[in-house]
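First the structure, in the form of structure tokens, and then the observations on it.
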Number of protein chains: 2
Amino acid sequence: MTDRDWRCEDPEQQLVWASATSEALRVLEGKWKIVIIIQLFAAKSPLRFSELERRIEGVNQKMLIQQLRQLEKDGIVGRMVYPQVPPKVEYTLTEMGIALGPSVEALVDWAFMRREALGH
Amino acid sequence: MTDRDWRCEDPEQQLVWASATSEALRVLEGKWKIVIIIQLFAAKSPLRFSELERRIEGVNQKMLIQQLRQLEKDGIVGRMVYPQVPPKVEYTLTEMGIALGPSVEALVDWAFMRREALGH
DNA sequence: TGCAATACCCACCAGGAGGTAAGTATGACC
DNA sequence: GGTCATACTTACCTCCTGGTGGGTATTGCA
């Protein structure tokens, strides 16, 4: 679970780590996914569809839904439907989504450092 | 530089982190990039083009070059050309590439956990 | 009657990512 | 003269991602 494994010399193991990781990264690919994830982390509570739409500048509905559906399928976010009119749907991070915390944190740090290095 | 920032409540800050991070993630997107990065980490030394090609199962030359060029452009890998015949080119992680270590580690951990959760 | 609010779905399109197969340049070696 | 190795480049093709602009269902309210 630490770097003792993934930096090892065994080429077989490297392939295993590399393929698992690229497979996992593919779950995060998509123009709006990390934005959604970060918003859900920051909110610390479920967010409604329209709330996400409002918070994420530049998404349209189709894109937001598409990305949410993929995140849901991949087990990152959960969907809670309230049978009301007008409809109400809430999105949350699942356990697996919350487990992304360290990765997101490291990526945020790196992104920050990168911005600095490239000159604001 | 820690989670005290990116999980804050300030919506302005959230947008800054989210956009910086999605921008940074876009640098890692591409079917072979993390695989390349992990191989370079694991090798602990520069790798020649043909060596990368040999280690990464399934890439073809065009894809490998394309991804290496993009990683180079984004400042993740460095390229060292030796004026020989037959040609010799070595690829290394730059400082910014090495700085990806914690992110890669966290992602590897998550990918591992995910595999377990999905039933290997 | 008709409009507002919410959370979607559908048809369609452009551009780019990914992939295959072939070609290029150079000098050494046989 | 022909082949080999290395690190590419090029032409061409397919499929997916992202995006636009509409439509749908339900009920309350004026």
Side-chain angles (χ1 to χ4, degrees), chain A residues 18-19 21-40 43 45-74 76-92, chain B residues 18-19 21-40 43 45-74 76-92:
Chain A
S19 70
T21 308
S22 62
E23 189 186 320
L25 239 199
R26 210 151 317 131
V27 161
L28 302 182
E29 285 180 6
K31 195 169 179 183
W32 306 100
K33 290 195 189 162
I34 329 108
V35 185
I36 293 172
I37 291 170
I38 287 183
Q39 289 295 331
L40 286 175
S45 61
L47 287 179
R48 297 187 60 174
F49 180 83
S50 52
E51 187 59 29
L52 279 168
E53 194 182 355
R54 218 169 297 125
R55 292 188 185 211
I56 301 176
E57 207 174 348
V59 236
N60 56 43
Q61 292 187 322
K62 181 205 149 190
M63 277 298 110
L64 186 52
I65 291 222
Q66 189 185 91
Q67 307 272 296
L68 282 169
R69 285 288 138 81
Q70 289 175 16
L71 288 171
E72 190 191 353
K73 181 171 68 65
D74 289 326
I76 312 295
V77 307
R79 202 173 106 98
M80 182 69 184
V81 180
Y82 296 88
Q84 299 179 355
V85 169
K88 175 178 172 180
V89 182
E90 281 185 347
Y91 294 91
T92 40
Chain B
S19 71
T21 308
S22 62
E23 189 188 318
L25 238 199
R26 212 151 314 133
V27 161
L28 301 182
E29 284 181 7
K31 196 169 177 184
W32 306 101
K33 289 194 188 162
I34 329 108
V35 185
I36 292 173
I37 290 171
I38 288 183
Q39 289 295 330
L40 286 175
S45 60
L47 287 180
R48 298 188 58 175
F49 180 83
S50 53
E51 187 59 30
L52 279 168
E53 194 183 357
R54 220 169 295 124
R55 291 187 186 213
I56 300 176
E57 206 175 350
V59 237
N60 57 44
Q61 292 185 324
K62 180 204 150 190
M63 277 298 109
L64 185 51
I65 291 225
Q66 191 184 92
Q67 307 274 295
L68 282 169
R69 286 288 139 83
Q70 290 177 16
L71 287 171
E72 190 191 353
K73 182 171 68 65
D74 289 326
I76 312 294
V77 307
R79 201 173 106 99
M80 181 68 186
V81 181
Y82 297 87
Q84 301 178 356
V85 171
K88 174 178 172 179
V89 182
E90 280 185 346
Y91 293 91
T92 41

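Lettering follows sequence order; numbering is per chain, from 1.
Side-chain nitrogen and oxygen atoms of Arg79(A) include none within less than 4.0 Å of the OP1 or OP2 phosphate oxygen of dA7(C). Distances shown here put every side-chain N or O of Tyr82(A) at or beyond 4.0 Å from the OP1 or OP2 atom of dT26(D). Distances shown here put a side-chain N or O of Ser50(A) below 4.0 Å from the OP1 or OP2 atom of dA7(C). Checking the phosphate oxygens (OP1, OP2) of dA7(C), no side-chain nitrogen or oxygen of Tyr91(A) falls inside 4.0 Å. A sub-4.0 Å separation between OP1 or OP2 of dA7(D) and a side-chain N or O of Arg48(B) is present.
The interatomic distance linking Gln61(B) (CD) with dT10(D) (P) rounds to 14 Å, in whole Å. Rounded to whole Å, the distance from CG on Leu64(B) to C1' on dT9(D) is 14 Å. Atom CD1 in Ile65(A) sits roughly 15 Å away from atom P in dG18(D) (whole-Å rounding). Rounded to an integer number of Å, the gap from CD of Gln84(B) to C1' of dA5(D) is 12 Å. The CE-C1' distance, from Met80(B) to dA7(D), rounds to 16 Å in whole Å. Atom-to-atom, CD1 of Ile56(A) to P of dG18(D) comes out at 14 Å; the value is rounded to the nearest Å. If you take NZ of Lys88(B) and C1' of dC8(D), they are 17 Å apart, rounded to a whole angstrom. Regarding Leu68(B), its CG atom lies at a distance of 8 Å from the P atom of dC8(D), rounded to whole Å.
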List, with names and distances, any nitrogen or oxygen atoms from the protein found under 3.5 Å away from nitrogen or oxygen atoms belonging to nucleotides 16-20 of chain C.
residue, atom, partner, partner atom, Å
dG18(C), OP1, Lys31(B), N, 3.0
dG18(C), OP2, Gln67(B), NE2, 3.3
dG19(C), OP1, Lys31(B), NZ, 2.2
dG19(C), OP2, Trp32(B), NE1, 3.2
dG19(C), N7, Lys62(B), NZ, 2.7
dG19(C), O6, Lys62(B), NZ, 2.5
dT20(C), OP2, Asn60(B), ND2, 3.3

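Comparing dT6(C), dT27(D), dC8(D) by their closest approach to the side chain of Val89(B) singles out dC8(D). Closest to the Phe49(A) side chain, of the nucleotides dA7(D), dA7(C), dA5(D), is dA7(C).
Of the charged side-chain nitrogens involved, at least one lies within less than 4.0 Å of a carboxylate oxygen, so that Glu72(A) and Arg69(A) count as a salt-bridged pair.
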* To do: For salt bridge (charged side-chain N to carboxylate O under 4.0 Å, His left out), just list the numbers for Arg55(A) and Glu51(A), CA-CA rounded to whole Å, side-chain angles, deciding distance to a tenth of an Å, and then say yes or no.
  => CA-CA 6 Å; Arg55(A) 292 188 185 211; Glu51(A) 187 59 29; 3.0 Å; yes
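Contact check for Val81(B) versus Arg79(B): side-chain heavy atoms found under the 4.5 Å cut-off. Contact check for Leu68(B) versus Phe49(B): side-chain heavy atoms found under the 4.5 Å cut-off.
Checking Ile34(B), Leu28(B), Ile37(B) one by one against Ser22(A), the side chain to side chain contact (heavy atoms under 4.5 Å, CB included) holds for a single residue, Ile34(B). Between Glu53(A) and the choices Leu64(A), Leu47(A), Ile65(A), the side chain to side chain contact (heavy atoms under 4.5 Å, CB included) rule is met once, by Leu64(A).
Side-chain atoms of Asp74(A) never come within 3.5 Å of backbone atoms of Ile76(A) as a donor-acceptor pair (strictly under, hydrogens ignored).
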